[in-house]
Amino acid sequence: MKNPFILSPSLLSSDFSRLGKELTALEEAGLGWAHIDVMDGCFVPNITLGPPIIKSLRNVSSLFFDVHLMVDKPERYLEDFRDAGADLICVHAEATVHLERAVAEVARLGAKPAVALNPATPLSAVEYLLPQLYMVLIMTVNPGFGGQSFIPFCLQKVRDLSNMIAGHGLTTLIQVDGGVTPENAADLVEAGADVLVSGSAFFKHPPYAERMKTFYAAARRKPE
Ligand code: DX5
Ligand code: ZN
């Protein structure tokens, strides 16, 4: 089991009327990352937020901004998100026909490059790009909504990606997003996940410091 892992709470399930205060609360609880879901109403049915809001949050937080772009043709906005303060920019393999160019551009802008794969997208979509990637995001639900159930076959996909990364002698991080809970955290970390995103299973259970401890304790539990 790889330890420690990173818990990246998804702001999608936080209180949008007080986003700045939510970030401060995360920082005070001891968290280091915040997962920010950008939805464009095209790649996914929902619309959330964009660069101006991220920029204003950047002014009040020093958390690592893990920005998940569920945006069609993300290459149109990479510079805007970097200028807004994204530390990591994750684009979907399904959202652009020029994935390598988008990844190279994120790196050129000085952010950590990452690629997300929908549940049904094979790992071969990122294999040749692994040396350029800081992280691969395995979606464990179909993107677009919080509070969905984890899709079981994705656990094997995490294992397969972990083996692929090791086979190439790389240290690319594996992130999982969707339906992650303290109940499946141990299995995911055991399979090779380095970064667990959690929206509803995190924010609906304050206080955040306690919830964070629950996730870490659960992930350390040896699977039977
Ligand atoms: C879904 C988003 C997720 C979402 C996860 O499309 O990418 O980050 O917030 O929410 P939960 O943890 O509730 O499944
Ligand atoms: Zn996400």
Side-chain angles (χ1 to χ4, degrees), residues 5-16 19 22-23 26 31 33-51 53-54 57 63-72 74 77 81 84 86-95 106 111-121 126 133-155 157-158 173-189 193-206 208 211-212 214-216 218-219:
F5 67 94
I6 295 163
L7 182 62
S8 189
S10 165
L11 292 186
L12 189 62
S13 291
S14 71
D15 180 348
F16 269 30
L19 276 177
E22 291 279 45
L23 287 175
L26 292 179
L31 287 132
W33 284 38
H35 183 83
I36 304 177
D37 289 299
V38 179
M39 303 189 186
D40 68 347
C42 182
F43 182 69
V44 290
N46 250 335
I47 297 177
T48 53
L49 48 80
I53 292 179
I54 294 177
L57 295 175
L63 288 169
F64 183 84
F65 280 5
D66 159 26
V67 177
H68 177 194
L69 296 185
M70 285 161 276
V71 171
D72 197 32
Y77 301 110
F81 282 103
D87 294 298
L88 176 151
I89 299 178
C90 184
V91 297
H92 266 263
E94 307 84 1
V106 172
K112 304 266 194 253
V115 169
L117 300 179
N118 283 340
T121 302
V126 287
L133 295 177
Y134 179 73
M135 189 180 84
V136 176
L137 165 50
I138 298 291
M139 288 304 303
T140 43
V141 298
N142 290 294
F145 305 94
Q148 303 182 83
S149 299
F150 180 86
I151 298 176
F153 73 69
C154 295
L155 190 61
K157 197 174 175 186
V158 173
L173 298 180
I174 300 176
Q175 183 177 59
V176 289
D177 181 11
V180 175
T181 66
E183 286 66 44
N184 57 25
D187 287 344
L188 285 163
V189 172
D194 303 287
V195 185
L196 306 188
V197 174
S198 175
S200 49
F202 181 85
F203 280 100
K204 306 299 177 211
H205 301 270
Y208 301 155
R211 197 54 174 167
M212 182 183 78
T214 302
F215 265 94
Y216 279 88

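Start at 1 and go down the list; that is how both ligands and their atoms are numbered.
- The closest donor-acceptor contact from the side chain of Thr48 to the backbone of Asp37 lies under 3.5 Å.
- Considering backbone and side-chain atoms together, Pro143 places no N or O closer than 3.5 Å to any N or O of ligand 1.
- Counting only distance, with no hydrogens or angles, the side chain of Ser198 and the backbone of Pro9 share no donor-acceptor pair below 3.5 Å.
- Residue Gly179 places at least one N or O, backbone or side chain, under 3.5 Å from an N or O of ligand 1.
- Looking at Ser10 next to ligand 1, an N or O pair under 3.5 Å apart turns up.
- Where the criterion is an N or O separation shorter than 3.5 Å, residue side chain and backbone included, Val197 fails it with respect to ligand 1.
- Looking only at distances, no side-chain donor or acceptor of Asp66 sits under 3.5 Å from a matching main-chain atom of Leu88.
- Atoms of ligand 1 found under 4.0 Å from any heavy atom of Gly146 (numbered from 1 in listed order, with element): 10 (O), 13 (O).
- Not a single donor-acceptor pair under 3.5 Å links the side chain of Asn118 to the backbone N or O of Asn142.
- Between His68 and ligand 1, an N or O atom pair is found at a separation short of 3.5 Å.
- Inter-residue side-chain proximity for Phe145 and Pro45 is flagged as met; some heavy-atom pair is nearer than 4.5 Å.
- Remark: ligand 1 atoms within the under-4.0 Å shell around heavy atoms of His35 are 8 (O).
- With a 4.0 Å heavy-atom cut-off, ligand 1 is reached by no atom of Phe202.
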